[in-house]
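Before any comments, here is the structure.
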Amino acid sequence: MIRKRSLSILLAASLSLGAITASAAPVAPAGNQESEQAFDNKIVKRIKVENIYNHIAELAKNPRVAGTQGEKDAVDYIKSQFESYGYETELQPFNIYSYTAPSLIELSIDGNELATNSFTYGVNGEVTSEFVDAGLGAPSDFEGKDVSGKIALIQRGSFTFAEKIMNAQNAGASAVIIYNNGVGVINGTLGEPNDYVPAVAITQEQGSALKARLDDGETVTATLKIEGAKSEEATSHNVVATKKATQKSTNQLILVGAHHDSVDGAPGANDDASGTATVLELARVFANSPTDTDIRFVTFGAEENGLLGSYEYVSKMTDEDYERTVGMFQMDMVGSQDAGELIMYTNDGEKNIVTDLGAAAGARLANTGEAIPYGEGGRSDHVPFEEAGIPAALFIHAPVEPWYHTPEDNLDKISLDKLEEVSNIVGSAVYQVARPDTPALEKAKVAPKEVDYVFEDRELE
Ligand code: BES
Ligand code: ZN
């Protein structure tokens with residue numbers, strides 16, 4: 001279930017932000033800048049970047065694919081770290097489907113081997129038969145054709161891969177080959193485990209050449225063999241540690257998050273052991289800091305499977321927590337020496353209280369006084385929060401490094417400077433709201449002066 005904030009809540013939220021609006025970022029007036037920085041320093045001086053590095057070293061020893069033992073080991077590590085700082089820590093389990101790609105895929109046409117790609121959640125099988133051209137794979141594309149037992153050749157477009165395969169199967173086809181309608185290879189998914197007929201993808205050139213032969217009335221025979229594919233139900237977890245306000249609570253709640261899972265075949269040192277490790281270190285520092293605001297540190301599972309952990313978290317939020325959450329800070333890929341500069345992305349490309357706080361903290365901490373820019377981007381766990389109406393932003397370095405989602409995303413590429421910058425900025429931004437001497441956001445005396453920060457249309461890759 002996806003939450004939507006009602007209009008009245010949205011209205012109340014925008015009113016309650018007072019002077020902190022999307023255009024007025026919270027930075028203290030000139031005279032107070034020094035004391036503001038003294039507050040930053042209370043957090044900054046206690047952040048130990050070596051701790052962050054050591055967490056990354058531990059987490060990136062193995063891949064942490066959602067639903068595998070590798071993820072569970074990471075989850076146990078994160079939980080025990082939170083607990084060692086004194087946090088009450090909760091695991092939030094949820095079901096996902098895991099998929100193991102085939103160990104063997106062979107397609108030979110008239111005895112010639114052709115390169116192919118499998119679909120995520122595709123099945124195993126072995127079929128030898130002749131081709132039938134089935135257009136885009138709509139039900140009408142099969143009418144009046146003898147499809148029974150044959151391999152349907154279908155072009156990409158208009159329907160999902162799963163729909164095309166189902167239509168072919170209903171018409172009696174024994175297998176499906178889908179060819180691209182643009183350049184490159186298809187890296188597709190069938191969405192969930194299924195018992196469709198076997199299917200693979202080929203390129204546009206390969207498909208067009210085949211179709212031309214079929215159009216000429218040729219009979220073309222192929223053998224397709226897929227082995228070792230496996231779809232399974234598995235359990236992923238979010239890890240949640242809550243810090244309660246230590247004094248005169250405003251009852252407001254701030255979320256600080258990252259995803260702890262990684263893709264198959266990559267140690268995920270930067271994506272996103274870096275963010276997870278930074279969440280841990282900020283949790284350690286805040287454990288002993290006075291705050292009048294609750295802070296919840298969350299590491300999400302199954303981000304790489306489609307932001308499943310953060311969608312799960314949002315769908316399970318209590319109404320009370322939902323309404324008192326003032327912002328969500330997501331850190332994903334925050335420590336690569338080979339990535340670009342820091343930027344804050346929101347899914348809708350608009351400023352919000354989180355980007356305001358981040359920009360202001362960045363300006364206070366940078367020698368140059370320059371604020372961090374913001375941009376438009378999804379692709380991480382800030383998205384479900386934003387969709388639900390909670391101000392959220394992704395802190396990331398862009399463009400991302402060339403090692404993204406490769407075996408080279410390892411500890412050697414981690415930059416202590418980058419980790420220091422992000423942990424200091426996010427820590428200071430959170431503390432500006434959470435510390436007891438600043439009023440709750442509705443009173444907004446934290447924000448008498450704007451900091452200028454600009455929209456940047458920066459490429460991520
Ligand atoms: N850390 C990445 C997000 C990312 C990558 C943002 C490159 C910007 C540039 C994240 O873990 C990821 O890979 N996300 C998926 C999307 C998700 C919905 C499965 C992606 O971007 O493909
Ligand atoms: Zn990531």
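Heavy-atom basis, side chains included; hydrogens, waters and symmetry copies ignored. Remember, it's 1-based here, ligands and their atoms both numbered in the order they're listed.
- Remark: Lys42 is not positioned above the aromatic ring of Tyr431, lacking an NZ or CZ atom under 6.0 angstrom from the ring centre and at most 45 degrees off the axis.
- Side chains of Tyr77 and His55: a donor on one and an acceptor on the other come within 3.5 Å.
- Between Phe82 and Phe297, the angle of the ring planes lies from 30° to 60°, which puts this pair in the tilted group.
- Listed by chain and number, residues touching ligand 1 at under 4.0 Å (heavy atoms only) are His259, Asp271, Glu303, Glu304, Gly306, Leu307, Asp332, Met333, Arg379, Ile396, Val400, Tyr404, His405, Leu460.
- By the 30° and 60° cut-offs, the orientation of the rings of Phe385 relative to Tyr313 is tilted.
- Cation-pi geometry between Arg435 and Phe39 is satisfied (NZ or CZ under 6.0 Å from the ring centre, within 45° of the ring normal).
- Note on Glu421 versus Lys418: no salt bridge recorded, every NZ/NE/NH1/NH2 to OD/OE distance being 4.0 Å or above.
- Using a 4.0 Å cut-off between charged side-chain N and carboxylate O, Lys413 and Asp409 make no salt bridge.
- Salt bridge status for Arg364 with Asp40: present, with a side-chain N to carboxylate O gap under 4.0 Å.
- Closer than 2.8 Å to the Zn ion (ligand 2) sit the protein N, O or S atoms His259 NE2, Asp271 OD1, Asp332 OD1, Asp332 OD2.
- With respect to Asp332 and Arg379, no salt bridge is recorded, no charged nitrogen being found less than 4.0 Å from a carboxylate O.
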